[in-house]
Amino acid sequence: MATLKVPSSVPPAEEDSEQLRKAFAGNKLMENNEALIIQILAHRNAAQLKLIRETYAATYGEDLLKDLDSELWSDFQRALLLWTLDPTERDAYLVNEANKRLTSSNWVIMEIACTRSSNDLFLVRKEYHARYKRSLEEDVAYHTTGDYRKLLVPLVSAFRYEGDEVNMMLAKSEAKILHEKICDKAYNHEEVIRILTTRSKAQINATLNQYNSQFGNAINKDLKSDPKDDYLSLLRATIKCLTRPEKYFEKTLRLAINKLGKDEWALTRVVVTQAEVNMQCIKEEYHKRNSVPLERAIAGDTSGDYENLLLALIGHEDA
C-alpha cells in the first residue's frame, strides 16, 4: 500500500520540465526553488518521473539527474536523486553502491533481493548488467565471503513462484528440516539456504507457520542463540523481509532515526524505495511499535528541504 500523493490532475511533462528548468536558471537556485522542485518531483509516480526525464532531455539536451546533482547538496540531494531514478535503476544503483561499501552492504543487498517481486528482481539484474557491464551475482559473489556469500548469491539470483498456491505436506517436511538444522546449529546448511532462496513467499510462510505449531517457537526466536552473530542477524532479517517486510522496514527506520547522529542513508533508502510500494503498512507498523506517527519521528529528526521531501514522499497531509 503506497502513500505517495499524486494530484488528480497532473500537468503535462512539458510543463513540469519547464518549471524545473526555470528552477535551475542561471546555474543558481533562487530562494524557494527547492520547494518548487519538491512540489513537482515528490508528487509524481515512477511513470510520470520517467516521462519528465525523457521530456527534459529532449527539450533541453541535458540530463535532469545531472542538473539536480549539480544544483543540490547533502541528504536532500541524495534523496531526490534516488527518488527520481526509475525503481529498477535505483535498485541496481543501490546494490552497486552496497558492493563498494564496507558497512551495512549485506543488509541492503538482502533487503532488495527479498522484498522485490521475482520479475522486478530479474529487471534489476538486467539493468545492473547493462549499467555496470558485470552481472549482479558476479559482483555480490566477489564482494562477499563465507556464509554471507552462501546466502546472498542465491538470494539475488532467485526467481520465485509468485502465486498463492501452497503445498502443506512440503511445508510440514521442510519445517522439520529447518528445525533439525537449527537444533544442530547448522545455520548455513545448504538445505536452510535452499528453502529460503527458492520457495515462494507463500510457501515459506506456510513452512514457518508449521515450524511454530510443530515446535512451539517462532523460527527467529530459535535463531537468536547468539545475538552477536552477524550472520544470524542477517538470516533473521532475511526471514522477516520474506514474510513480514513492514516489520523489517519499521525496525530499519526506528534504528535509523534513533541512532546517535542518525543514519540518513537507511532513512532515505527506505522512504524512497517504499513510498510507492508498502509505506502505508510501514507507517501503521511504526505507529503501533513506537506510539509515535512516522511523520512526527521524521520531523523531529530531520530539517529543511530534506525533511520536507521525506514528509511529502510518505504522504504527510501538509507536504
Side-chain angles (χ1 to χ4, degrees), residues 1-6 41-50 79-80 82-95 98 104 107-124 155-156 158 160-164 196 199-205 208 220 234 236-257 263-298 302 309-317 319:
M1 296 171 63
T3 57
L4 183 71
K5 292 193 301 183
V6 177
L41 296 181
H43 295 91
R44 303 291 183 268
N45 62 31
Q48 291 161 346
L49 289 171
K50 185 176 182 181
L80 196 60
L82 282 176
W83 171 247
T84 309
L85 283 170
D86 180 79
T88 301
E89 289 180 289
R90 183 195 303 137
D91 282 347
Y93 174 84
L94 287 170
V95 172
S104 305
W107 289 72
V108 175
I109 294 165
M110 175 280 298
E111 176 185 303
I112 290 171
C114 292
T115 59
R116 282 29 167 192
S117 71
S118 291
N119 191 57
D120 285 344
L121 187 56
F122 170 74
L123 293 175
V124 173
L155 273 180
V156 299
R160 304 173 192 271
Y161 167 65
E162 291 286 341
D164 296 326
L196 294 179
R199 296 300 183 201
S200 73
K201 292 175 184 179
Q203 186 67 42
I204 290 172
N205 265 304
L208 299 188
N220 270 4
L234 184 66
R236 292 195 302 272
T238 298
I239 291 167
K240 193 173 284 187
C241 267
L242 289 168
T243 57
R244 295 292 302 277
E246 69 279 4
K247 283 185 172 288
Y248 168 83
F249 286 119
E250 179 282 321
K251 184 177 181 181
T252 304
L253 287 171
R254 172 164 35 94
L255 293 177
I257 290 170
D263 183 357
E264 284 88 352
W265 288 69
L267 177 58
T268 294
R269 186 183 76 251
V270 174
V271 170
V272 300
T273 61
Q274 296 302 303
E276 278 195 274
V277 183
N278 201 28
M279 185 52 71
Q280 186 59 40
C281 291
I282 296 167
K283 285 169 67 175
E284 290 168 5
E285 188 66 33
Y286 192 95
H287 198 172
K288 177 182 166 186
R289 173 66 174 74
N290 303 282
S291 302
V292 173
L294 180 58
E295 290 93 333
R296 194 189 304 167
I298 288 176
T302 57
L309 175 60
L310 295 185
L311 291 177
L313 291 179
I314 67 169
H316 185 52
E317 288 302 317

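What you see is a predicted model; the values in this text were computed from it and never measured. All heavy atoms count here, side chains included; hydrogens, waters and symmetry mates do not.
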For Y248 versus W107, what's the shortest heavy-atom pair and its separation?
OH-O, 4.0 Å
D164, CG: over 12 other non-hydrogen atoms inside 6.0 angstrom:
no
Heavy-atom distance under 4.5 Å between the side chains of Q274 and T252, does that happen here?
no
Write down the atom of A202, the atom of G163, and the distance for their closest heavy-atom approach.
CB-O, 3.8 Å
For W83 and L41, which heavy atoms make the closest approach, and how far apart are they?
NE1-O, 2.7 Å
Would the distance check show the side chain of K283 and the main-chain N or O of E295 forming a donor-acceptor pair, the cut-off being under 3.5 Å?
no
Can you find a pair of side-chain heavy atoms, one from V156 and one from V95, that are under 4.5 Å apart?
no
Rounded at 0.5 Å granularity, tell me how far OG1 in T115 sits from CD1 in I112.
7.0 Å
So, for N45 and V6, which heavy atoms are closest and what is the spacing to 0.1 Å?
N-CG2, 4.0 Å
Does W265 reach the side chain of V108, with side-chain heavy atoms less than 4.5 Å apart?
no
With salt bridge (charged side-chain N to carboxylate O under 4.0 Å, His left out) as the test, pick out the partner of E111 among K240, K251, R269.
R269
Kindly write out the residues that satisfy salt bridge (charged side-chain N to carboxylate O under 4.0 Å, His left out) with R236, not counting sequence neighbours, or none if the list is empty.
none
Cationic N near anionic O, under 4.0 Å, R289 to E285:
no
Scanning both residues in full, the closest heavy-atom pair of M110 with C241 reads SD-SG, 3.7 Å
Nearest atoms (heavy-atom pairs only) where E246 meets R244
OE2-NE, 2.6 Å
Straight-line distance of T88 OG1 to L123 CG, nearest 0.5 Å:
5.0 Å
What pairs with R116 under salt bridge (charged side-chain N to carboxylate O under 4.0 Å, His left out), at least two apart in sequence or on another chain?
D91
So, the side chain of E162 versus the backbone of S118: is there a donor-acceptor pair under 3.5 Å, distance only?
yes
Test item: R90 side-chain N/O and L82 main-chain N/O as donor-acceptor pair under 3.5 Å:
yes
With a 4.5 Å heavy-atom cut-off, do I314 and Y286 have their side chains touching?
no
Separation between CG of L242 and CG of L196, rounded to the nearest 0.5 Å:
6.5 Å
Residues passing the salt bridge (charged side-chain N to carboxylate O under 4.0 Å, His left out) test with R296, sequence neighbours excluded, are none
Stepwise side-chain contact (heavy atoms from CB on, under 4.5 Å) check, D263 with L255:
CA-CA 8 Å; D263 183 357; L255 293 177; over 6 Å; no
Would you confirm whether E89, through its side chain, and D86, through its main-chain N or O, come within 3.5 Å as a donor-acceptor pair?
yes
Rounded to the nearest 0.5 Å, what's the gap from CZ on R199 to CG on L208? Could you check?
12.5 Å
Less than 4.5 Å apart, any side-chain heavy atom of I298 and any of L267?
yes
Residue pair L309 / L80, side-chain heavy-atom distance below 4.5 Å
yes
Start with the C-alpha gap between L94 and T273, add the side-chain angles, then the distance that decides, and say whether side-chain contact (heavy atoms from CB on, under 4.5 Å) holds.
CA-CA 10 Å; L94 287 170; T273 61; 4.0 Å; yes
Can you tell whether the side chains of E250 and K288 come within less than 4.0 Å, N to carboxylate O?
no
